[in-house]
Amino acid sequence: MYIQENIKTQIKAEYDVAVCGGGFGGISAALASARQGKKTVLFEKQFMLGGLGTAGIVTIYLPLCDGYGHQVSYGIAEELLRLSISHGAEARYPDNWLDGVGTRGENDKRFCVQYNPQLFAILAEKLLIDEGVDILYGTYAVGVRMNGDKISHIITENKSGRLAYKVGSVVDATGDCDIAKFAGAPTDTFKQGNVLAAWYYSAGKSGYKLNQIGCSDTPEEEKTVQNKKTELLVDRRFTGLDGDELSEQTCLSHLSTFNDFLKKRKDDPEVMPVTIATTPQIRMTRKIVGEYELSDKETHKYFEDSIGMVSDWKKRGPVYEVPFGTLYSARVKNLICAGRCISVNETLWDVMRVIPCCAVTGQAAGTAAAMTDDFTSLSVKELQRILEENGVVLHEKDII
Ligand SMILES: Cc1cc2nc3c(=O)[nH]c(=O)nc-3n(C[C@H](O)[C@H](O)[C@H](O)COP(=O)(O)OP(=O)(O)OC[C@H]3O[C@@H](n4cnc5c(N)ncnc54)[C@H](O)[C@@H]3O)c2cc1C
């Protein structure tokens, strides 16, 4: 059964670039767009920036390097890593990278840090405001209005009600490809579903601590007896795309946190949970089917339209150049994706979803969105020129 609603929606404002979602993908995109001088708005459904990387208690900024002493991700990916620990890292402080001392050989620590989520959210917000981005918190992008094969308006809902924003181009940084779905662009979902996670912070005798409860979905061949993290918390999986299921997932996650806390209490009567996630900890949900789908087999491959590089957080060695075609579908000409919803195959998704990759694709998407409202006719050479001007290294052959 349905009800028919005739809603008149007020057009609140007009922006050159609308970024939907304020995780690492969206922060990077909004920053890049505003730095190109474009009037930029960022819609975020929560009341803090950072997405999974703050509200989701996922505070390990995975490596910018290949594990053999070569940095591969630059630009905003490095800027945000440094910002995240500008008032102190929580752990994994890689002196050899940050201070330019020591060697960066095979056995050195990777260029990876653990940061404080609260501080990062505040610092990222300040940075975006200083760069002129309009941040709209508590604002859900709930739909789009199309004009042919372009999005003309983003429809939002917040405390003020339902509002429309006229837009030039749109960055889908929702992590879930919500905007692409609304606009009718081709998307795909994570078939096998996600395992339950319950990462949280506690404070006790051993200090303030990140508890990584719930493993990532390690492929069978990578599982080892020593790797205790491969134990599943519950025997079911989650799509992350259904309202009822997300509430169940959240309650199960809370229960896992509570059980873990009770276990810890046996050794430490003072231990307390101090921060739990305020967003569902789900890794892979929906992605765009883009003009190009990057595969896990394409390591060390030269792409003429590369917009930057990423490494593999799971192992030393692999480097991927990211082709521009992974960010958009020609079906919706002024929509581009950033973060964990870009076009990659199922195996590579687990590599590309992490924070540095989201920042790399965010910078490219935001820069491109500032240049055009038709990604099918964008000059990729010009995009690459601007990215390089802003610190990005595009090709593996150019790594020092
Ligand atoms: C349990 C777990 C552990 C992980 N471990 C690590 C790790 O150790 N290191 C690492 O680097 N990565 C890790 N990851 C992955 C990483 O945290 C995320 O994939 C990455 O942060 C995603 O960034 P994003 O910007 O693409 O999306 P998100 O962080 O999901 O951000 C999307 C933002 O958009 C907002 N949003 C969504 N829909 C809408 C809408 N319709 N309207 C308005 N706003 C919307 C959300 O509130 C959110 O703020 C982990 C993930 C999980 C779940």
Side-chain angles (χ1 to χ4, degrees), residues 18-30 41-64 73 77 80-81 84 91-92 112-115 117 120-121 124 135-144 154-158 170-182 194-200 210-217 229 233 238 240-241 246 249 253 256 277-287 310-311 313-314 337-342 349-362 365:
V19 177
C20 301
F24 275 79
I27 292 168
S28 307
V41 65
L42 188 151
F43 301 119
E44 169 52 55
K45 69 181 164 79
Q46 302 183 78
F47 281 88
M48 74 193 297
L49 293 178
L52 279 165
T54 56
I57 319 291
V58 170
T59 53
I60 302 168
Y61 205 122
L62 283 169
L64 302 180
S73 303
L80 294 184
L81 180 145
S84 76
R92 296 164 208 249
C112 164
V113 299
Q114 186 180 313
Y115 56 90
F120 180 76
I135 302 172
L136 270 175
Y137 282 134
T139 303
Y140 226 118
V142 294
V144 295
I154 295 284
I155 315 293
T156 64
E157 284 181 4
N158 66 18
V170 180
V171 180
D172 187 340
T174 60
D176 301 326
C177 235
D178 284 1
I179 313 304
K181 184 76 180 161
F182 297 146
N194 293 267
V195 296
L196 186 69
W199 291 29
Y200 73 103
L210 172 64
N211 303 286
Q212 296 164 252
I213 309 302
C215 60
S216 79
D217 225 352
K229 282 195 222 157
L233 296 175
F238 304 88
L241 294 170
L246 280 172
Q249 187 271 352
S253 179
S256 296
T278 54
T279 197
Q281 295 172 332
I282 294 198
R283 292 174 169 92
M284 289 163 281
T285 55
R286 185 163 48 210
K287 61 185 163 85
V310 300
S311 61
W313 62 275
K314 294 178 175 181
C337 291
R340 63 185 166 93
C341 56
I342 70 156
W349 204 349
D350 200 36
V351 172
M352 283 296 299
R353 68 181 167 83
V354 301
I355 291 170
C357 309
C358 294
V360 166
T361 56

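Counting starts at 1 for both ligands and their atoms, in listed order.
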S.K.: Which heavy atom of Gln46 sits nearest to which heavy atom of Ala55, and what is that distance?
M.R.: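 Taking Gln46 first and Ala55 second, the nearest heavy atoms are OE1-CB, 3.3 Å.
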
S.K.: Among protein heavy atoms, which sits nearest to atom 39 (C) of ligand 1, and what does the distance come to when rounded to 0.1 Å?
M.R.: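 The protein heavy atom lying closest is Thr174 CG2, 3.7 Å.
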
S.K.: Counting only heavy atoms, tell me which of Arg283, Met284, Met352 gets closest to atom 3 (C) of ligand 1.
M.R.: Arg283

S.K.: With heavy-atom distances below 4.0 Å as the criterion, list the atoms of ligand 1 near Leu62.
M.R.: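 Matching atoms, with element in brackets: 7 (C), 9 (N), 10 (C), 11 (O).
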
S.K.: Which heavy atom in Ala77 sits nearest to a heavy atom in Pro356, and how many Å separate them?
M.R.: CB-O, 4.0 Å

S.K.: Can you find a heavy atom in the side chain of Ile355 that is under 4.5 Å from one in the side chain of Leu62?
M.R.: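 Ile355 vs Leu62: side chains apart.
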
S.K.: Flag Leu52 as yes when one of its N or O atoms lies below 3.5 Å from any N or O atom of ligand 1, and as no otherwise.
M.R.: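 The answer is yes, given that Leu52 and ligand 1 share an N or O pair closer than 3.5 Å.
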
S.K.: Using distance alone, decide if ligand 1 has a nitrogen or oxygen within less than 3.5 Å of any nitrogen or oxygen in Thr279.
M.R.: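 No, since none of the N or O atoms of Thr279 sits under 3.5 Å from an N or O of ligand 1.
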
S.K.: With Tyr61, which residues qualify under side chain to side chain donor-acceptor pair (under 3.5 Å), at least two apart?
M.R.: none

S.K.: Looking only at heavy atoms, which two atoms of Cys177 and Cys337 are closest? And how far apart?
M.R.: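 Smallest interatomic distance, heavy atoms only, reads SG-SG, 4.0 Å.
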
S.K.: Between Trp313 and ligand 1, which part of the residue brings a heavy atom under 4.0 Å of the ligand: side chain, backbone, both or neither?
M.R.: neither

S.K.: Considering heavy atoms of the protein only, find what lies nearest to atom 47 (O) of ligand 1 and give residue, atom and distance to 0.1 Å.
M.R.: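 In this structure, atom 47 (O) of ligand 1 has Glu44 OE2, 2.6 Å as its nearest protein heavy atom.
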
S.K.: Once ring pair (Phe, Tyr, Trp, His ring centres under 6.0 Å) is applied, do any residues pair with Phe238, and if so which ones, sequence neighbours excluded?
M.R.: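 Testing Phe238 for ring pair (Phe, Tyr, Trp, His ring centres under 6.0 Å), a comparison that skips the adjacent residues, returns none.
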
S.K.: Tell me whether Ser28 contacts the main-chain N or O of Phe24 through its side chain, where contact means a donor paired with an acceptor under 3.5 Å.
M.R.: yes

S.K.: With the threshold set at under 4.0 angstrom, would you say Thr59 reaches ligand 1 through any of its heavy atoms?
M.R.: no

S.K.: Among protein heavy atoms, which lies nearest atom 31 (O) of ligand 1, and at what distance?
M.R.: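 I find the closest protein heavy atom is Gly23 CA, 3.4 Å.
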
S.K.: Does a side-chain heavy-atom distance below 4.5 Å link Cys20 with Asp178?
M.R.: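 SC-SC contact between Cys20 and Asp178 ruled out.
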
S.K.: Could you list which atoms of ligand 1 come closer than 4.0 Å to a heavy atom of Ile282?
M.R.: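 Result: 53 (C).
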
S.K.: For the residue pair Leu80 and Phe120, what are the closest heavy atoms and their distance?
M.R.: O-CE1, 3.9 Å

S.K.: Testing the basics here: between Leu42 and Ala30, what is the closest heavy-atom pair and its distance to 0.1 Å?
M.R.: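 That closest heavy-atom pairing would be CD1-CB, 3.8 Å.
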
S.K.: For Cys358, which part has a heavy atom under 4.0 Å from ligand 1: side chain, backbone, both, or neither?
M.R.: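 Within the 4.0 Å criterion, Cys358 contacts ligand 1 through side-chain atoms alone.
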
S.K.: For Ile60 and Cys112: C-alpha separation, side-chain torsions, deciding distance, then whether side chain to side chain contact (heavy atoms under 4.5 Å, CB included) applies.
M.R.: CA-CA 7 Å; Ile60 302 168; Cys112 164; 4.0 Å; yes

S.K.: Between Thr279 and Leu52, is any pair of side-chain heavy atoms under 4.5 Å apart?
M.R.: yes

S.K.: Can you tell me the protein heavy atom closest to atom 26 (O) of ligand 1 and the distance?
M.R.: Arg340 N, 2.9 Å

S.K.: What residue and heavy atom of the protein are closest to atom 19 (O) of ligand 1, and at what distance?
M.R.: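 Checking every protein heavy atom, the shortest distance to atom 19 (O) of ligand 1 gives Arg353 O, 2.5 Å.
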
S.K.: Classify the contact between Ala173 and ligand 1 as side chain, backbone, both or neither, using a heavy-atom distance cut-off of under 4.0 Å.
M.R.: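 Backbone only.
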
S.K.: Counting from 1, what ligand 1 atoms have a heavy atom of Gln281 closer than 4.0 Å?
M.R.: 53 (C)

S.K.: Among all the protein's non-hydrogen atoms, which is closest to atom 43 (C) of ligand 1, and how far away is it?
M.R.: Thr139 O, 3.4 Å

S.K.: Please verify whether a non-hydrogen atom of Cys20 lies at under 4.0 Å from ligand 1.
M.R.: no

S.K.: Would you mind reporting whether Ile282 and Leu246 have side-chain heavy atoms less than 4.5 Å apart?
M.R.: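 Yes. Closest side-chain heavy atoms under 4.5 Å.
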
S.K.: Could you give me the CA-CA distance, side-chain angles and deciding distance for Phe43 and Thr174, then say whether side chain to side chain contact (heavy atoms under 4.5 Å, CB included) is met?
M.R.: CA-CA 9 Å; Phe43 301 119; Thr174 60; over 6 Å; no

S.K.: Which of the listed options, Ile60, Ile27, Asp178, holds the heavy atom that is closest to atom 38 (N) of ligand 1?
M.R.: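 Shortest heavy-atom distance from atom 38 (N) of ligand 1: Asp178.
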
S.K.: Has the side chain of Trp349 got a donor or acceptor atom that lies under 3.5 Å from a matching backbone atom of Arg340?
M.R.: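 Looks like yes, one N/O pair under 3.5 Å.
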
S.K.: Suppose I only count heavy atoms of Ala197 and a 4.0 Å limit; which atoms of ligand 1 are within that range?
M.R.: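 Near Ala197, the atoms of ligand 1 are 1 (C).
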
S.K.: Could you say whether the N/O atoms of Tyr140 and ligand 1 ever approach to under 3.5 Å?
M.R.: no

S.K.: Under 3.5 Å between any N/O of Val58 and any N/O of ligand 1: does that happen in this structure?
M.R.: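 Among all N and O atoms of Val58, none is under 3.5 Å from an N or O of ligand 1.
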
S.K.: Flag the pair Thr54 / Leu49 as yes when at least one side-chain heavy-atom distance between them is below 4.5 Å, and no otherwise.
M.R.: no

S.K.: Run the contact test for Gly214 against ligand 1 with a 4.0 Å cut-off on heavy atoms, strictly below, and give the result.
M.R.: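 Checking ligand 1 against Gly214, which is what was asked, there is no heavy-atom contact under 4.0 Å.
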
S.K.: Write out the residue and atom name of the closest protein heavy atom to atom 36 (N) of ligand 1, then the distance separating them to 0.1 Å.
M.R.: Lys45 CE, 3.6 Å

S.K.: Under 4.0 Å from a heavy atom of Val354: which atoms of ligand 1 are those, numbered in the order shown and with their elements?
M.R.: 10 (C), 11 (O), 12 (N)

S.K.: Side chain, backbone, both or neither: which applies to Ile355 and ligand 1 if a contact is any heavy-atom pair less than 4.0 Å apart?
M.R.: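 Both the backbone and the side chain of Ile355 come within reach of ligand 1.
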
S.K.: What are the atoms of ligand 1, with element, lying closer than 4.0 Å to any heavy atom of Gly51?
M.R.: 29 (O), 31 (O), 48 (C), 49 (O)

S.K.: If the cut-off is 4.0 Å to any non-hydrogen atom of Phe43, which atoms of ligand 1 fall inside it?
M.R.: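 The list of qualifying atoms is 43 (C), 44 (N).
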
S.K.: Does any N or O atom in Asp176 lie less than 3.5 angstrom from one in ligand 1, N or O only?
M.R.: no

S.K.: In the protein, what heavy atom is nearest to atom 34 (O) of ligand 1, and what distance, to one decimal place, separates them?
M.R.: Gly21 CA, 3.1 Å

S.K.: Does Asn194 form a side chain to side chain contact (heavy atoms under 4.5 Å, CB included) with Gln281? I'd like the steps, not just the answer.
M.R.: CA-CA 9 Å; Asn194 293 267; Gln281 295 172 332; over 6 Å; no

S.K.: With atoms numbered from 1 as shown, which atoms in ligand 1 lie under 4.0 angstrom from a non-hydrogen atom of Gly25?
M.R.: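 In order of number, 25 (O).
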
